[in-house]
There are 4 protein chains.
Amino acid sequence: MPRKSSSKATKAPPASSIPEKAQVANWRNAENRNERGRLIHEALFTAAAEIVGERGYEDTSITLITQRAGVAQGTFYNYFESRQDILDQLLPRLGKEMLSYVGQCSRQGNTVLEREELGFRGFYTFLKIHPHFFRILNEAPSFAPRAYQAHIELVRSGYMRFLKRAMENGEIKGFDEREIEVAAFVMMGARLYLGHYAARVGDDNDPDIPDWVTQAYCKLISHGLIGGA
Amino acid sequence: MPRKSSSKATKAPPASSIPEKAQVANWRNAENRNERGRLIHEALFTAAAEIVGERGYEDTSITLITQRAGVAQGTFYNYFESRQDILDQLLPRLGKEMLSYVGQCSRQGNTVLEREELGFRGFYTFLKIHPHFFRILNEAPSFAPRAYQAHIELVRSGYMRFLKRAMENGEIKGFDEREIEVAAFVMMGARLYLGHYAARVGDDNDPDIPDWVTQAYCKLISHGLIGGA
Amino acid sequence: MPRKSSSKATKAPPASSIPEKAQVANWRNAENRNERGRLIHEALFTAAAEIVGERGYEDTSITLITQRAGVAQGTFYNYFESRQDILDQLLPRLGKEMLSYVGQCSRQGNTVLEREELGFRGFYTFLKIHPHFFRILNEAPSFAPRAYQAHIELVRSGYMRFLKRAMENGEIKGFDEREIEVAAFVMMGARLYLGHYAARVGDDNDPDIPDWVTQAYCKLISHGLIGGA
Amino acid sequence: MPRKSSSKATKAPPASSIPEKAQVANWRNAENRNERGRLIHEALFTAAAEIVGERGYEDTSITLITQRAGVAQGTFYNYFESRQDILDQLLPRLGKEMLSYVGQCSRQGNTVLEREELGFRGFYTFLKIHPHFFRILNEAPSFAPRAYQAHIELVRSGYMRFLKRAMENGEIKGFDEREIEVAAFVMMGARLYLGHYAARVGDDNDPDIPDWVTQAYCKLISHGLIGGA
DNA sequence: AATGAATGAGAGTTCATTCAT
DNA sequence: GATGAATGAACTCTCATTCAT
């Protein structure tokens, strides 16, 4: 009765051929103890981020992390409490980088719509620059749920500030504050989900959004899909 | 330097205290061999679905599944090829149930907007009835990516049929077909993401969507957020 | 410190591509119960012999045997006590066939030497006809030691009869009876070992002995290697 | 129809009652890390050799090896790649020890015959000293075929050097080089097979060769069995 | 007598974590 | 602080055997 068919080893790609970066930071040349500590911490963090990006949280082992960081296994536990600890730190930190980058992009615009469009584009540009981030973000609900909730909260509050200002400016009408929050979530979901959409075509970890998608998205949020006069 | 604080075992709930359901189906009283086989298969499937719903794919072991189903470990392999096999079957089957249910709901409506609203509500009703589905769906990209892609495709094509008919009816204007697809993805993303929104308030696996959220969502997709006259 | 190198999976060949014979005997058409029983027994025995020949004792499972014999797993235990039971029966029966065949060959000769040469050749001919026998015999010391000892005893006693008659005829001189036994063992070892010799060149399970090897062997046992006048 | 009789568990001895040696090396008292590593490696290797000698390759499990070596199961994998890895190393290493020992014995002699006799005796002395070697060697064709072929090759080439020198000295006449090789194989087979002969009488793993056997063997190879003038 | 699903002990292996050096 | 070997619990999966039908 077992299904013989297709799904064999349908899981994550083996990723054995992914070229591993050179050891992340040459902490052995550090000037003093503090500096050395900082560099090792950094090396471990970066190694973990890369590996999660390449192979997913599940296949990220301490062995792999320390090997790539160029330190001994035991050293890991001088910098992080546990495997889960470092996994939990990935999204918060990279998420903040993302928000900062996207915020900078967004602020170039003058109207809400312009800003949303620039933020939207900026998100996908960030993914290009940090190819590991998409997977780190996507798998976080499963593997670092607390961190994920915190990230969502951060994004939400940023969006809310942005949208409330627009309400005050009169650029958004007909929505009260809690409705605005719904919109914020829809827009957050759109970014993530259109990433998957891109993945339908291209590489899973390298979503590429064509221009007309951006425009369709903008059209949708500005005039709606259905009742558009 | 390690973070002593909060993050300890921030992942899945310890779960040893999760009340396990009684053995899922009393297959021992089956009338004949075929029936017994069916019941065991069912018991294994249901057990797996419940456990993934409660603890996530990663912590779903064969031991746990067979214990809950009330069969020996070896029995598992009479019904499924491997652990991955059963995990791969979860979403396809439950996903189809979901689509069928949501489709039925949606078809009660007369206009596109009504239908979308009913489908939207139906989705969350389904989550109430099948509290494990949300996590099974959410973690699928990481643990059953093939199944996930297939599911997305199914949802997308259903949505597209729905929206194209609306275009033909003249209920949707100003969007060409590929733009419609973008809208479809945004709407799919909205449902999932508002599930997380609900999770902010209530229980992670039991998203509850208040009425005004639905209405805000409908307002958004019908008139847009920004340019709304 | 582990050895990374060569020896990975150095063991038995996977043998998955070996063409499996059709189900061995169509016992379903048997005329009466006794006949059917006989046919099933035969089918199981033959299947086991083939599989041991192809994959070795270790990889010979009940599942494999019954599948090839075309009966259900449980049926096996109506005919044999256990897996070990059937493995123990392989060599005794096939060994007797071998002895009978080789004996017939040998008896065509007139002198001891002729007879030994014909027996020697006959042994390798038998291996050609029964390609499974070599492996069944070779692995028997590990997997069916009792059967192996019994086989050795059979061969030894045959050899002894043969050689003692030659002593009585005056064809062998200068050896007493227990020394004759040593010679018998050396000759038995030679046959087996030259099989391995052949395997150095050709296929492991298909030893092929060139003519000059036979002649060198005969020269050795007739005049000795060293003191040869 | 099943054979109720004798053959029950005719295979390996039950072995639960085999007195296990004390933990092989008290590595806990090692002076430094390197030394400890060496001792553990040694303990694992020796444990494996002993167990294979007592119960055969098939029944040699990681659990058994590590228990006897007095280390945790996981420790095994710090020293060997896999179960097969250690099994593959047994014969090469012990085989070389054997050859070295036998070679030393042999070189005490002056004539070919003397040397062959001393080598022959030396082989059985080695078996006395290393009672596990016989089974390790005998079962190797089934369980470590690559290692076995390599061993055969080693023995063969040693024998060939020995015999060719004797040809050049004029101690062997009437054989060309490839015929010499046949003789080498016969002699290798004789040693192994007379081990089995001894096993008929004594303990399986402790072959004891009486003096007259050696002499009969020497007579056979020096003057031949049959045509002896 | 034939079936084939259920069983469960036991296998090899992985890996987060500890800790003596 | 850095090291890396030792640990052992936990995992998935196999398969000889049993037994109700």
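Chain naming here is simple, since letters A, B, ... match the order of the sequence lines and numbering starts at 1 in each. Worth saying up front: this structure is predicted, and the values here are computed from it rather than measured.
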J.: Compare the minimum distances between each of E:dT7, F:dT7, E:dA2 and the side chain of C:Tyr79, then state the nucleotide with the smallest one.
T.: E:dA2

J.: Take atom CG of D:Leu64 and atom C1' of E:dA11, then tell me their distance rounded to the nearest Å.
T.: 12 Å

J.: Report the nucleotide, chosen from F:dA2, F:dT12, F:dT3, that has the shortest atom-to-atom distance to any side-chain atom of B:Thr63.
T.: F:dT12

J.: Name the closest nucleotide to the B:Ala72 side chain, picking from E:dT7, E:dT3, F:dA2.
T.: E:dT7

J.: Separation of A:Ile86 atom CD1 from E:dT17 atom C1', in whole Å?
T.: 15 Å

J.: Round to the nearest Å and state the distance from B:Asn78 atom CG to F:dC13 atom P.
T.: 14 Å

J.: So what does C:Ser61 hit on the nucleic acid, given a heavy-atom distance under 4.0 Å: a base, only sugar-phosphate, or nothing?
T.: sugar-phosphate

J.: Given F:dA2, E:dG8, F:dT12, which nucleotide is nearest the side-chain atoms of B:Ile62?
T.: F:dT12

J.: Can you measure B:Arg38 atom CZ to E:dA5 atom P for me and round it to whole angstrom units?
T.: 16 Å

J.: Please tell me which of the listed nucleotides, F:dA16, E:dA5, F:dT12, lies nearest to the side chain of C:Arg83?
T.: F:dA16

J.: What's the shortest heavy-atom distance between B:Thr60 and B:Arg83, and which atoms?
T.: O-NE, 3.0 Å

J.: Toward the 5' end of DNA chain E, which comes first, D:Arg33 or A:Thr60, by nearest nucleotide?
T.: A:Thr60

J.: Check whether any side-chain nitrogen or oxygen of A:Thr75 sits under 4.0 Å from OP1 or OP2 of F:dT3, and answer yes or no.
T.: yes

J.: What orientation do C:Phe143 and C:Tyr57 show, parallel under 30°, tilted 30 to 60°, or perpendicular over 60°?
T.: parallel

J.: Please tell me if C:Tyr77 has a side-chain N or O lying less than 4.0 Å from either OP1 or OP2 of F:dC19.
T.: no

J.: To the side chain of B:Ile40, which of E:dT13, F:dT3, E:dA6 is closest?
T.: E:dA6

J.: Main chain of B:Ala43, side chain of B:Thr46: is a donor-acceptor contact present, judged purely on distance under 3.5 Å?
T.: no

J.: Work out which heavy atom in D:Gly53 is nearest to a heavy atom in D:Ile136; give both atom names and the distance.
T.: N-CG1, 4.5 Å

J.: In terms of side-chain heavy atoms of D:Arg36, which of F:dA5, E:dT14, F:dT17 is nearest?
T.: F:dA5

J.: I want to verify a distance call: between F:dT17, E:dT13, F:dT12, whose nearest atom is closest to the B:Gln73 side chain?
T.: F:dT12

J.: Rounded to whole Å, please give me the gap between CZ in A:Phe80 and P in E:dA16.
T.: 15 Å

J.: Please check this pair: side chain of C:Arg135 against backbone of D:Ser142, looking for a donor-acceptor N/O pair closer than 3.5 Å.
T.: no

J.: Nearest heavy atom decides the nucleotide; on that basis, is C:Gly74 or B:Asn32 closer to the 5' end of DNA chain F?
T.: C:Gly74

